[in-house]
Amino acid sequence: MPDSAVLTARRIARQRMTICAAPSYLAARGTPRAIEDIAGHDSIVYGRDGNTRPWLFPDGKGGSYAAPARTRLILDDLDTAADMAVAGMGLAWLPCWLIRERVHSGSLVRVLPDVEPLVFDTYAVWPRAPFMPARMRVLIDALASRLPGMTGTDGEIKSAA
């Protein structure tokens, strides 16, 4: 996100998204082997105000494409979506940092782990000014140091062990 004449932006986080499910769900419904297989599975989808987010994956050309998903639940809280996935309610497309511990404990399994994840960048944006107030700089620095992906804490899941 480039700066503009009236705004300044700083990337403060990166989130890698992945599909996951409970082992019990996969045992009962089978494990998708390709993105197209997701259409035959129940999904837990993030949504707010009646708007849902599609599950996006890089298309290899600098853009992205949406995976087809059959919605079973729409939730406006990602942690609750992860809990519903643990409960075996369907596949979920969630940030790696959020599900890392659940994957390591075995309560969730990454589905299609070889599919390149989409990376979402999060920015702090503020009006351009000749100087930045100290409290704003402290806040932005604190956010950048604690949010996933800027200090090696992006939650990328290396193994399920």
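Remember, it's a predicted structure, so these values are computed and weren't measured experimentally. Just the heavy atoms: all of them, side chains too, but no hydrogens, waters or symmetry mates, feed the values below.
- Summarising the geometry, atom CD belonging to E101 is positioned 11.0 Å from atom CD1 belonging to I99; distances are rounded to the nearest 0.5 Å.
- The two residues P58 and Y65 come nearest to each other via the heavy atoms O-CE2, 3.4 Å.
- Expressed to the nearest 0.5 Å, how far CG of L108 lies from CG of L94 amounts to 8.0 Å.
- From T18, atom OG1 reaches atom CZ of F57 across 7.5 Å, with rounding to the nearest 0.5 Å.
- By the 30° and 60° cut-offs, the orientation of the rings of W93 relative to F120 is perpendicular.
- Under the 4.5 Å side-chain heavy-atom criterion for ILVMFWY residues, no single connected hydrophobic cluster contains both F131 and M136.
- D37 has no carboxylate O lying under 4.0 Å from a charged side-chain N of R29, or vice versa, which leaves the two without a salt bridge.
- For P23 against S107, the heavy-atom pair with the smallest separation is CD-O, 3.4 Å.
- Considering CG of L78 and CD1 of I44, their distance stands at 11.5 Å, rounded to 0.5 Å.
- Checking each of I140, D141, L139 against R137 for a side chain to side chain contact (heavy atoms under 4.5 Å, CB included) leaves exactly one that passes, namely D141.
- Both L56 and V111 are part of a single hydrophobic cluster, where members link through side-chain heavy atoms under 4.5 Å apart.
- Annotation for W97 and Q15: closest pair NE1-OE1, 2.8 Å, computed over non-hydrogen atoms.
- Under the salt bridge (Lys or Arg N to Asp or Glu O under 4.0 Å) criterion, D79 pairs with R102, sequence neighbours left out.
- When hydrophobic clusters are built by joining Ile, Leu, Val, Met, Phe, Trp and Tyr residues whose side-chain heavy atoms come closer than 4.5 Å, directly or via intermediates, V86 is not grouped with M84.
- Taking both residues in full, the closest heavy atoms of P32 and L26 are given as CD-CD2, 4.1 Å, listed atom of the first, atom of the second, then distance.
- Using a distance-only test at 3.5 Å, with no hydrogens or angles considered, a donor-acceptor pair links the side chain of R70 to the main chain of G40.
- At distances below 3.5 Å, at least one donor-acceptor pair connects side-chain atoms of R72 with backbone N or O atoms of M89.
- Counting heavy atoms from C-beta on, the side chains of L7 and R128 never come closer than 4.5 Å.
- Counting side-chain heavy-atom gaps under 4.5 Å among Ile, Leu, Val, Met, Phe, Trp and Tyr, V119 is found in no cluster with other residues.
- Side chain of Y46 to main chain of A81: no donor-acceptor pair is present (N/O by atom type, distance under 3.5 Å, no hydrogens or angles).
- Of all heavy-atom pairs spanning T71 and S43, the tightest one is CA-OG, 3.4 Å.
- For the pair I35 and W55, the minimum side-chain heavy-atom distance is 4.5 Å or more.
- Put simply, the side chain of L112 reaches to within 4.5 Å of the side chain of I38, judged on heavy atoms.
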- prompt: Under the side-chain contact (heavy atoms from CB on, under 4.5 Å) criterion, do V109 and T31 qualify, and how do the steps go?
  reply: CA-CA 10 Å; V109 175; T31 302; over 6 Å; no
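- Transitive grouping of hydrophobic side chains (ILVMFWY, heavy atoms separated by less than 4.5 Å) brings L118 and L91 into a common cluster.
- Closest non-hydrogen pair, A92 versus A85, comes out as CB-CB, 4.0 Å.
- Other members of a hydrophobic cluster containing V138 are absent, since no ILVMFWY side chain comes under 4.5 Å of it, directly or through relayed contacts.
- Atom CZ of R110 and atom CZ of R100 lie 12.5 Å apart (nearest 0.5 Å).
- Both V45 and V115 belong to a single network of hydrophobic side chains, linked directly or stepwise wherever heavy atoms of I, L, V, M, F, W or Y lie under 4.5 Å apart.
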